[in-house]
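The structure appears below as structure tokens.
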2 protein chains.
Amino acid sequence: MAGKKEQDASTEEKILAAARVVFTRKGFAATKVRDIAAEADINLSLVNYYFRSKEKLFEVVMAEAVQKLVFEISTFFNDEQLSIPEKITKAVNYYIDLLLENPDFPLFLVNEIITGDDMFTRFAQQNTLFQSHLIRQLFAMKEEGKLAVHPVHIMMNVIGLVVMPFLARPILERNDLVKDGEFVTLMNERRMLIPLWLKGMLG
Amino acid sequence: MAGKKEQDASTEEKILAAARVVFTRKGFAATKVRDIAAEADINLSLVNYYFRSKEKLFEVVMAEAVQKLVFEISTFFNDEQLSIPEKITKAVNYYIDLLLENPDFPLFLVNEIITGDDMFTRFAQQNTLFQSHLIRQLFAMKEEGKLAVHPVHIMMNVIGLVVMPFLARPILERNDLVKDGEFVTLMNERRMLIPLWLKGMLG
DNA sequence: ATTAAAATTGAACAGTTGTTTAAAAAGGTT
DNA sequence: AACCTTTTTAAACAACTGTTCAATTTTAAT
């Protein structure tokens, strides 16, 4: 029960890939184990054979998502060599790259903040985003009187300006306010714009 | 089947109130009809008696939420007497008022964008937010060369700057970055700040 | 008080869902 | 080949879930 066997990871990986797709698109509660089995094109029982339960499988997928969205970004935020604008520029570009590849991530995570029991809490606990070097820099700036507002405002703005478009995307495209393919162009524009806007906010 | 009876709306309202609470907190898929019955403290069958099905009941709750969050705001956005900054200021204050009273709304709506079949689509169709007078004003400004960026950027920024804090709130408070009660203070600060920031973005 | 409609209840239904089980198939080692 | 482990399969279970039904209670009108 302890050691994992190597050899053929193909079935296990097929399940995991399918789980990523279905969980991300439908959320935990709306996802049926049979959906995952069908998407992976494997027998139903294999899901419980490789991952002990639906919940355990979900935890793996969720951990991956949080890893990508939160942990990686904290590298930039904790790099003591970088100035505030440099940190923001790096973070914005990393996020936009990531979200262009995984457009469902924000909806997925937000979805689980709501329903999630402790699942999201557990990961967020180890989160170094909100106790990062960037935060300390901002607080220091505030102390010196060089920042007029609470540092949390800045943090919320960075995340809000990057993430919100991906949340609003379905509505924007549905209402033909953003044409096909134009969304990507707009997001690429924001790589420049968001750091610029934040410079304005910082004073 | 056609005409609704008047007299005792108490039970019906109890169910509706309970549905608002449970649907908003857990989302459609994770909500059981028995949860709603328990929350309303009424017999299980009465949910189907007053509202034909779980889905029909959900549509009522969702329609209310969209009404509050989208339709009302379009009044401001379509008031031809108001300048762009005036529209934004009104919208920001209305949203912050509303969201302080219903902090779960954003999570709820986002949750249903993901899982929702056509439900959200149907309402968004009639949406006058993204074809509003404000949009036309912004496009006109762009034409005149007085606005450097695509108007959609501005729209996304308004919504993002207002809504994101409510999405992030659980995480912020969990990490003690925002103390008890401080969140409300921060949101009240944003009534002034967001219009200010947007003035900067507009040129 | 009688009568009819509306509201409420408890029980049951039919379908779904996560999980388990026992048996078969495949793979590897000696 | 014989033997053991790992993987896969079909079937079933037990709990859950949305909904319905028949019977009872409440309400309102005459």
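A, B, ... follow the sequence lines: proteins, then strands. Residue 1 opens every chain.
Between D:dT8, C:dT17, D:dG18, one nucleotide has an atom nearer to the side chain of A:T11 than all others, and that is D:dT8. Listed candidates were D:dG18, C:dT8, C:dT19. Nearest to the side chain of A:K54 is C:dT19.
If you measure from atom CG of B:L44 to atom P of D:dT19, you get 10 Å, rounded to the nearest angstrom. The distance between atom CG of A:L46 and atom P of C:dT19, rounded to the nearest whole Å, is 14 Å. To the nearest angstrom, C1' of C:dT19 lies 12 Å from CZ of A:R52. Rounding to whole angstrom units, NZ of residue A:K14 and C1' of D:dT8 are separated by 11 Å. We find that CZ of B:R34 is positioned 13 Å from P of D:dT20, with the value rounded to whole Å. The separation between A:E12 atom CD and D:dT8 atom P is 10 Å, rounded to whole Å. Atoms CD1 (A:I42) and P (D:dA10) sit 12 Å apart, rounded to a whole Å. Taking atom CZ of A:F28 as the reference point, atom P of C:dT17 lies 13 Å away to the nearest angstrom.
Between B:H150 and B:H153, the ring-plane angle classifies as perpendicular under the 30° and 60° cut-offs.
Where A:K32 and A:Y49 meet DNA chain C, the nucleotide closest to each residue was compared, and A:K32 sits on the side nearer the 5' end.
Donor-acceptor pairing under 3.5 Å, judged by distance alone, is present between the side chain of A:S45 and the base of C:dT20.
With no hydrogens or angles considered, no side-chain donor-acceptor pair links A:R136 and A:N78 at under 3.5 Å.
Under the 6.0 Å cut-off for aromatic ring centres, B:F105 and B:Y95 do not qualify, their centroids lying 6.0 Å or more apart.
Within the structure, a side-chain polar atom (N or O) of A:N43 is placed less than 4.0 Å from OP1 or OP2 of D:dA10.
Separating the CD atom in B:E86 from the CZ atom in B:F76 is a distance of 12.0 Å, to the nearest 0.5 Å.
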